[in-house]
Engineer: 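This is the structure, below, for whatever I ask next.
In what follows, every chain begins at residue 1, and chains take the letters A, B, ... in the order their sequences are listed.
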Number of protein chains: 2
Amino acid sequence: MVTIRDVAKQSGFSSTTVSIVLNNAPLARYIPAVTKKRIESTAKRLSYRPNLFARSLRSRRSHTVGVMVFDMTDPFCTPVLRGIENSLYQASFLPILTDVHNERSRFERYLEMLLDRRVEALIVVANWLFVNIDVLGDLEKSKIPTVMIGRELKNNSISSVIVDNELGAYLGVEHLYSLGHRKIAFLRGPKTLTDSAPRWKGIRSFAKSQGLEIDARLVADLPESRDPNSSFESGYKLTEEMLRTRRPFTALMAFDDMTAFGAMRALTMAGRRVPEQCSVLGFDDIAASSLCTPALTTVRQPMEDMGAMAAGIVLAGINAMREKRRQPATHRRLAPQLAARDSTREAS
Amino acid sequence: MVTIRDVAKQSGFSSTTVSIVLNNAPLARYIPAVTKKRIESTAKRLSYRPNLFARSLRSRRSHTVGVMVFDMTDPFCTPVLRGIENSLYQASFLPILTDVHNERSRFERYLEMLLDRRVEALIVVANWLFVNIDVLGDLEKSKIPTVMIGRELKNNSISSVIVDNELGAYLGVEHLYSLGHRKIAFLRGPKTLTDSAPRWKGIRSFAKSQGLEIDARLVADLPESRDPNSSFESGYKLTEEMLRTRRPFTALMAFDDMTAFGAMRALTMAGRRVPEQCSVLGFDDIAASSLCTPALTTVRQPMEDMGAMAAGIVLAGINAMREKRRQPATHRRLAPQLAARDSTREAS
DNA sequence: GGCGTTTATTAAAACGAATGAATACTGAGG
DNA sequence: CCTCAGTATTCATTCGTTTTAATAAACGCC
């Protein structure tokens, strides 16, 4: 390995000068162009690459960001990760990816590992989250910029990027209502999931404003489960059950896309065609939604943007720290959009 | 920050002894239990955490693996990544994730960044790959253990983990044939994709062995595209076109699941029900396949296993390097399995 | 009591870069 | 001729760990 000293020797200057030139440090302004040229060319000739361990040791910087995902297999994660990756790339930061598997011990272990590596910031994708909240308290202890995607922690120093769940749900029912649906079934999210309540609130808020009647017998809750993919199964079962009770409905609004897929399966199995005999609406707009037939109408979360924005927030936080400014936590609530596709249609 | 010297001072020993004890180095066998106890307890009391920069600088190890994905948004990646993550976690390694976006410049830049960080190995997920192969030559130059998932490079030092495409395709047609289908349409993969040829070979091999006739007018090729999600659109268009030519077929075998989804959409739009009037078969078994209705029958790649196996190979390579053994490249070809679901049915 | 071993511990030298303090060298101004 | 400000460069230290070589004491043995 060629070190800075080799470059120094070969170019005839001291390693200090080489360091100053190559990093374009403040002192570089006193160094004449000839010298710079010579140093740079020998550096290139020897194809010198600074040892980042040494550099990090000295500068206490890693140019690395820790990314903690609570469950990779959740299709929500993929676009978010891409958004993060893209932003970090622009800033020459690299992400270390960890998957918590929704396990407390794994979360703690990974957090420790990341902090040991002196990641300069932390991005937590906490979409499908069943770990006790107090665990997240550990995040505050680390004094590095931290942002959560998909969950807002009040009263603390952690930034957040979430979708406006209430608005999203509102847009969803509105869409169904405007298509003439009045008997709508609702599959609500698990109670312990923070997304569930605001989405329900959005629905009720719309119902109230338009005088839409919500039949309690057409409302069901998904059970809790650590596995985000379980909502397919749950959606299937709940829909099946609802069909059995023979309470009529012309549309179904699911907690998320996965649930909606389960519902569509159940409806189809029961011989009810989507969307002709029953409209189905999801939430998220995961990749599969536009692929299946009929394409799922859903409330779209701007996942890639959320990832990019989260990365942007922590990068700003890193810059703030470097200038010893104290950056307050920022909370972003992004507006979702309705993606009207083929699984919804006028009520007949 | 508390350093090893603090621990030394507090415990009354030298930093050398502390280091030896805490790392359980060979010399530790000469150190009496009392000393160890005292050092360990003060280390814990001060909640000492070794500075990994310093450690890495000295030991030239990063305990980090570089993961390069050619396109994150390809649903093939997610399970692979989880497999990798899980294996690395067991070995206390951490992955740095990079997404090449199928761009040459990005590949080169990322490779440089990863090597600068002294990743101890490289895992390349090269499923949907349109970068010129010679770029991959750069991988060989780095002297670290490297494995490619989804592509085999002959005559070199790079390991590989791939699925047996030929067998998979064979299993696929066999399934359709056994259901009584004789008029089968084929959507082949883009010519430049390495998976395309062996899959077609598997099909031909089965056809030959069973005397199945392949109608050239029922064979179409996906166009090239950098975007793995484009095959949905292509699958749609090609199927539509095939339907227009009115050449009858009772089943369609797609290059991959994404293509199959496009085909299903086209069939449905044309009023042909799946699977009643036409069976559809995919390849990969991405997450969406079991979610859509009808659930897609497909040839399953053991993606998570592939990721885990790739990680296992490079970890073994790392160990070999440490013991200065020269590890030859290993090439694994995993058997796929047919996942029979609801998009295929007996020919009527 | 001298000599080799084993046990217990440490001083000092890496590892490779960044940087504060110091040292020259130039002109300009008095 | 001396000083001062600016220019150009370097010495020596620091970052926090691991490791090599060395030291020192204790032990057994003839």
Engineer: Honestly, is Arg55(B) close enough over Phe53(A), meaning NZ or CZ under 6.0 Å from the six-membered ring centre and within 45° of the axis?
Structural biologist: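 Not satisfied by the 6.0 Å and 45° rule.
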Engineer: Is there a residue in residues 24-37 of chain A whose heavy atoms reach under 4.0 Å of DNA chain C, and which residues are they?
Structural biologist: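 Nothing qualifies; none.
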Engineer: With DNA chain D as reference, determine whether Gly12(A) or Ile20(B) sits nearer its 5' end, using the nearest nucleotide of each.
Structural biologist: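 Looking at the nearest nucleotide for each, Gly12(A) comes out on the 5' side.
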Engineer: Please determine, by modelled atom types, if Arg326(A) and Ser157(A) share a side-chain donor-acceptor pair under 3.5 angstrom.
Structural biologist: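 Not at all, the side chains of Arg326(A) and Ser157(A) share no donor-acceptor pair under 3.5 Å.
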Engineer: Please list, chain by chain and in numerical order, all residues satisfying side-chain contact (heavy atoms from CB on, under 4.5 Å) with Glu120(B), sequence neighbours excluded.
Structural biologist: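 Counting only residues at least two positions away or on another chain, Glu120(B) forms a side-chain contact (heavy atoms from CB on, under 4.5 Å) with Arg61(B), Ser62(B), His63(B), Phe93(B), Ile318(B).
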Engineer: Hey, where on DNA chain C does chain A first and last touch, going 5' to 3'? Cut-off is any atom under 4.0 Å from a heavy atom.
Structural biologist: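 It runs dG16(C) to dG20(C).
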Engineer: Kindly write out the residues that satisfy salt bridge (Lys or Arg N to Asp or Glu O under 4.0 Å) with Arg333(B), not counting sequence neighbours, or none if the list is empty.
Structural biologist: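 Counting only residues at least two positions away or on another chain, Arg333(B) forms a salt bridge (Lys or Arg N to Asp or Glu O under 4.0 Å) with Glu152(B).
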Engineer: Pairs counted as Watson-Crick or G-U wobble with both distances under 3.5 Å: what dot-bracket string results for DNA chain C, using | for bases tied to another strand?
Structural biologist: ||||||||||||||||||||||||||||||
Engineer: Tell me the side chain to side chain donor-acceptor pair (under 3.5 Å) pairs involving residues 33-49 of chain A, sequence neighbours left out?
Structural biologist: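 Every side chain to side chain donor-acceptor pair (under 3.5 Å) pair that includes a residue of residues 33-49 of chain A, provided the two are not neighbours, is Arg49(A)-Asp116(B).
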Engineer: Among all residues two or more places apart in sequence or in another chain, which pass the salt bridge (Lys or Arg N to Asp or Glu O under 4.0 Å) test with Asp6(A)?
Structural biologist: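 By the salt bridge (Lys or Arg N to Asp or Glu O under 4.0 Å) rule, Asp6(A) matches no residue at all.
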Engineer: Of all residues at least two apart in sequence or in a different chain, which pass the side chain to side chain donor-acceptor pair (under 3.5 Å) check with Thr64(B)?
Structural biologist: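 Once residues adjacent in sequence are excluded, the partners of Thr64(B) under the side chain to side chain donor-acceptor pair (under 3.5 Å) criterion are Arg117(A).
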Engineer: Tell me, please, which residues at least two apart from Arg106(A) pass salt bridge (Lys or Arg N to Asp or Glu O under 4.0 Å).
Structural biologist: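 Salt bridge (Lys or Arg N to Asp or Glu O under 4.0 Å) list for Arg106(A), sorted by chain: Glu85(B).
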Engineer: With sequence neighbours left out, what residues match Thr73(A) under side chain to side chain donor-acceptor pair (under 3.5 Å)?
Structural biologist: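 Side chain to side chain donor-acceptor pair (under 3.5 Å) check on Thr73(A) returns Asp71(A), Asn229(A).
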Engineer: Using a 4.0 Å heavy-atom cut-off to protein, can you give one letter per nucleotide of nucleotides 11-17 of chain D, 5' to 3': B if the base is in contact, S if only the sugar-phosphate is, - if neither?
Structural biologist: BB-BBBB
Engineer: Please output the side-chain donor-acceptor pairs of residues 18-28 of chain A that fall under 3.5 Å, not counting sequence neighbours, one pair per line with the distance.
Structural biologist:
unit_1	atom_1	unit_2	atom_2	d
Ser19(A)	OG	Asn23(A)	ND2	3.3
Asn23(A)	ND2	Ser19(A)	O	3.0

